[in-house]
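In what follows, a single structure is set out as structure tokens and then discussed.
A, B, ... follow the sequence lines: proteins, then strands. Residue 1 opens every chain.
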Amino acid sequence: MTPRCFQVHPSDSVATLLDDVPTAPATVGVLSSRGQSEVTATEPIVQAHKIALRDIRAGEPIVKFGVAIGAAISDIRAGQWVHLHNCKSNFDQRSQTLDVHTGATTDTKYE
Amino acid sequence: MSDAATTSSPCWLGYLRSDGRKGVRNLVLVVYTVECAQHVAHAIAAGEEDVHVVGFPGCYDNQYAIRLMLALCRHPNVGAVLAVGLGCEYTRPDKIAEVVRESGRPAEWFRIQDVGGTKSSVERGNSVISNLKSQISDCPRVPMTLADLVVGCECGGSDGTSGLAGNPVVGAFFDRLVDAGGSAIFEEIVEMIGLNQIMLDRAASPQAREQLAAAYDKAVRYCRDVRQWSASPGNFAGGLTTIEEKSMGAFAKSGTRPIQGVIKVSQAPPHAGLWLMDSVPDEHFMQFGYTNPNDTEGIMDLISAGAQIVLFVTGRGSVIGSPVAPLIKVTGNSRTYQRMIDDMDFDAGRVLSGETTLDQAADALRDLIVAVARGRQSKPEALGHREYFLMYKHQDTPPLEIGCRA
């Protein structure tokens, strides 16, 4: 089955994966209020994470729900995974230190 | 009567309290006034049906915590109270029992040091409980509808599905509840970061707008000061990248109706409708702890406003429950629902798979809430989950003209 993702708002530059994308490249169906389209995932992405629907330049806002949920740290190409490694909050600084896959803390000392 | 007519205006029997509010349970609440009395309080309640426990761990008292305990003791689901102290602490079990009696509920208290030790205190407690239970067994039962319900919603263990399905389904239920004349409360203003304008546009009045703006500014200030934003490792692992993204998903639980204003912890909504609860500490010479240390704390805050039932939206999954008011677990992630089926009450993920529409899911959630109000145990309730977390905090006492305290 083709994995699917959901674009909440027509202006969103990212969509949320409804299924896993275990291997890449892979065609992903994009569901939205305007109907269905496709994007090619260029790397594996797990369910509930985000995929870029179009190219986003470093410094540009990442748009989801029709609002800026953060800013791109580096250039992002359509089909890439969008997460802590290439998107940062405009408020929360600490999240940049968390493990990109597990979210585990890396800045608290256990000694 | 057809099924459709039954679900459009459900009616069941509730427990009438002397302040006019109606409960969906008839509980005895054991409340302890310091951590040193915690074991005895739990031993008293162990194995007893419809006896729940809450307590405050600190020896030094705290106005916020006392207000919170009193709000829980006078909750519509609570019929009677036993306050248990050790004897050294600042918080006074005698005063708790006195205030609870003034609310028309039977209440008793004792200090462990006066009674003897663990065994004699548990024996005393057991006999008090059995006496209180018989006193509330004839509590008047009265018809109850959605208009009598106050429902709270908290989210925790959120993932990318929470904002797409779990919270939107709750939001659509909240719209139905408000339209039926009931009250809906959402909190976690620290998870509305970046949404100032979107929130203000939902204000029901200029006064509500002012309250929302002040609460938002305070929350951002506080998060900056304590350098803590309300997003957890599990949220990031679950695909949420920023607090702004989590906030948009969390705000979806508020539905679409106008926000009547802001209430603080332990304050009942002044009138029906949709309300935002502010649980962020107010300015104080002591900056107490963190804004929302865990989900359990937030759930107790919602219950303190008189919520007879609380919804908990979790994408990643969670195994908590709550004393005083049943907790209903909603997940937007069907995998989580299947993996934790013994703990999850409602699978909102079926909206994402196309098996159901948002409106159908909201109707089904309403039916489940009504069933729990009628007496069916929610899954956390049946599993015996009764977690609570009462902390030191400072909030200015809400002026009485804002509305009666719970």
Could you tell me the separation between the [atom1] atom of [X] and the [atom2] atom of [Y], rounded to the nearest 0.5 Å?
| X | Y | atom1 | atom2 | answer |
| --- | --- | --- | --- | --- |
| A/W81 | B/T241 | CH2 | OG1 | 8.5 Å |
| A/S89 | B/L240 | OG | CG | 12.0 Å |
| A/H49 | B/D159 | NE2 | CG | 8.5 Å |

message: Only pairs of heavy atoms separated by less than 4.5 Å count here; which of B/P233, B/S162, B/G249, B/S232 has the most with chain A?
response: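 Top option by heavy-atom pairs under 4.5 Å: B/P233.
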
- request: Go through A/L31, A/D92, A/V8 and name the one with the most non-hydrogen pairs under 4.5 angstrom from chain B.
  value: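 Between A/L31, A/D92, A/V8, the count favours A/D92.
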
What part of [X] lies closer than 4.5 angstrom to a heavy atom of chain B: side chain, backbone, both or neither?
| X | value |
| --- | --- |
| A/V82 | backbone |
| A/H101 | backbone |
| A/D99 | neither |
| A/L98 | side chain |

query: Are there residues of residues 13-29 of chain A that reach to under 4.5 Å of chain B by heavy atoms, and which ones?
result: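 So far as heavy atoms go, A/T16, A/L18, A/D19, A/D20 are the residues that approach chain B to under 4.5 Å.
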
- prompt: If contact means a heavy atom pair closer than 4.5 Å, which residues of residues 57-76 of chain A contact chain B?
  reply: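 Those residues of residues 57-76 of chain A which have a heavy atom under 4.5 Å from chain B are A/K64, A/F65, A/V67, A/A68, A/I69, A/G70.
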
query: Can you name the nearest heavy-atom pair linking A/C87 to B/T242, along with the distance?
result: SG-CG2, 4.0 Å

field: Non-hydrogen atoms of A/Q47 and B/N333 that approach each other most closely
entry: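 Minimum heavy-atom contact is OE1-ND2, 3.5 Å.
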
- request: State whether the number of non-hydrogen atoms from other residues, nucleotides or ligands found under 6.0 Å of A/K88 atom NZ is greater than 12.
  value: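 Counting other residues, nucleotides and ligands, NZ of A/K88 stays at 12 neighbours or fewer.
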
message: Could you check whether atom CD of B/E355 has more than 12 heavy atoms from other residues, nucleotides or ligands sitting under 6.0 Å from it?
response: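 Yes, because the 6.0 Å sphere around CD of B/E355 holds more than 12 heavy atoms from other groups.
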
task: Taking the side chain as every heavy atom from C-beta outward, state whether A/Q93 and B/W229 have any atom pair closer than 4.5 Å.
output: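 No, too far: nothing below the 4.5 Å cut-off.
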
- prompt: Can you find a pair of side-chain heavy atoms, one from B/E244 and one from A/F91, that are under 4.5 Å apart?
  reply: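 Answer yes - side chains close enough.
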
message: Between B/L164 and chain A, with a heavy-atom cut-off of 4.5 Å, which part of the residue counts as in contact: side chain, backbone, both or neither?
response: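 Side chain only.
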
